[in-house]
Amino acid sequence: MRVLGIESSCDETGLAIYDSNDGVLAEVLHSQSDLHARYGGVVPELASRDHVRRILPLLHQLLGKAHLDIGDIDAVAYTAGPGLVGALLVGASFARALAYARDIPALAVHHMEGHLLVSLLNEPAPSFPFVALLVSGGHTMLLRADGVGDYQVLGNSCDDAAGEAFDKVAKLLGLTYPGGAALAAMAERGNHCAVALPRPMTLPKGGLNFSFSGLKTCVAQTVRDMKGGDGTLADTDRADIAASFQEAVVDTIVYKCLRALDSTGLSQLVIAGGVAANTRLRTVLTQKMRDIGAQVFCPPQSLCTDNGLMIAYAGWLRWHASEQHPKSGGAETISVYPRWSMETLGV
Ligand code: KG4
Ligand code: ZN
């Protein structure tokens, strides 16, 4: 079976085709980061309009790359939430119209489940049950995963998500949106012990929830204090702040992951979402997991950030797991879920 996946929940239009026999056939991605950079963040209306402009040419490009015709596609999976409502509606309308016209199933996929399940494509793959750390621009979550659609949320972010904190601190350091990867690159030149920063909610009573907004405020204060008389920061100071901030986030996340493994008694940890591309996080987590005899599974960095393959693959797994093959009947109703709990998914 060949599943076309369409991701359009935020500022990336990503399409891919997954074949249940032959694996990944082709992928295409358009990032809107240049479009939003001058505004310092995603402008929802511009995001929706750009998805409209890109989606059809991207589909043609994808089919060309895979040497396929639209008639060779057996189902269309699309991101139905969470995300920006207008951006989601572009992908959902396009996918459902296509499924209706071709009389094939349309499969609604939860964006964060896509991030999580794409890790199963990798070798070695984790096996259920495992703990999953989902860290993106909009979410920071720890879950217990017992099967496709069977998730228990162990911890969530109380305020800024980890990626959001990376982006806001990057902005304080003069980097353009989205600054997470650029901040990580800058941190490589800095000393992570240079600035003392808190590891939020790491006392025992902090449980498994996360809070990064206080940490971001500490960095804002530090930036103010370290600025010279001319109101600028020296390059070495910027690198030191970047490294110290990254280390504080990494330490905090690692601490919570260890606690989640301990409280569930599980020994496999899957990390996913844009921040899971962070090299320092991957390195420290791998070391710590080895120390306690646990295993960490990190998808390749290109599959951590938003992409169409995660939606195609999650769509296939859900379709396969549900046994009842949903037909495109009902495609007249186009629903998206800007907020959507992973605990309600089922199969
Ligand atoms: O999963 P994703 O592509 O989109 C959402 O679902 O939000 O994650 C994007 C987030 C952004 O905040 C971006 O700055 C962050 O992931 N990010 C990183 C790195 N690469 C992307 N953060 C830290 N280090 C990185 N290398
Ligand atoms: Zn994402």
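Remember, predicted model here, so these are calculated numbers, not experimental data. Atoms within a ligand are numbered from 1 in the order they appear, just like the ligands themselves.
Considering backbone and side-chain N/O atoms, G180 comes within less than 3.5 Å of an N/O atom of ligand 1. At a 3.5 angstrom cut-off on N or O pairs, M112 does not count as close to ligand 1. By the 3.5 Å distance cut-off applied to N or O atoms, T279 is not counted among the residues near ligand 1.
Closest heavy-atom approach to atom 24 (N) of ligand 1 within the set N278, L175, L281, T305: this belongs to N278.
No heavy atom of C10 sits closer than 4.0 Å to any atom of ligand 1.
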List the atom pairs, with distances to 0.1 Å, where a side-chain N or O of residues 170-193 and a protein N or O form a donor-acceptor pair under 3.5 Å, not counting sequence neighbours.
| unit_1 | atom_1 | unit_2 | atom_2 | d |
| --- | --- | --- | --- | --- |
| N191 | OD1 | C193 | N | 2.8 |

Cut-off 3.5 Å, no hydrogens considered: what does the side-chain donor-acceptor table look like for residues 290-302, sequence neighbours left out?
| unit_1 | atom_1 | unit_2 | atom_2 | d |
| --- | --- | --- | --- | --- |
| Q301 | NE2 | A277 | O | 2.6 |
| Q301 | NE2 | T279 | OG1 | 3.4 |

Run the numbers on D74 and I104 for side chain to side chain contact (heavy atoms under 4.5 Å, CB included), then give the verdict. CA-CA 6 Å; D74 301 300; I104 55 176; 5.6 Å; no

Begin with the C-alpha distance, continue with both residues' side-chain angles, and end with the deciding distance and a verdict on side chain to side chain contact (heavy atoms under 4.5 Å, CB included) for Q32 and R54. CA-CA 10 Å; Q32 302 177 354; R54 306 283 173 184; 5.8 Å; no

Please lay out, stage by stage, how D50 and S48 fare under the test side chain to side chain contact (heavy atoms under 4.5 Å, CB included). CA-CA 5 Å; D50 199 62; S48 315; over 6 Å; no

With side chain to side chain donor-acceptor pair (under 3.5 Å) as the test, would you mind laying out the steps for Q246 and S244 before giving the verdict? CA-CA 6 Å; Q246 176 175 261; S244 303; over 6 Å; no

Take R102 and I70 through the side chain to side chain contact (heavy atoms under 4.5 Å, CB included) test and state the conclusion after the steps. CA-CA 9 Å; R102 306 288 327 158; I70 192 66; 4.1 Å; yes

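Residue-level proximity to ligand 1 for D306 is carried by backbone and side chain together, each with a heavy atom below 4.0 angstrom. Of the heavy atoms in H115, only side-chain atoms (C-beta onward) come closer than 4.0 Å to ligand 1.
Numbered from 1 in the order shown, with element, the atoms of ligand 1 that lie under 4.0 Å from a heavy atom of G138 read 7 (O).
Partners of R224 according to the salt bridge (Lys or Arg N to Asp or Glu O under 4.0 Å) rule, which considers only residues two or more places apart in sequence or in another chain, do not exist here.
Taking the six-membered ring where the residue is Trp, Y313 and Y18 present perpendicular rings, their angle passing 60° and hence far from 30°.
Only protein N, O or S atoms were scored, and 3 of them lie under 2.8 Å from the Zn ion (ligand 2).
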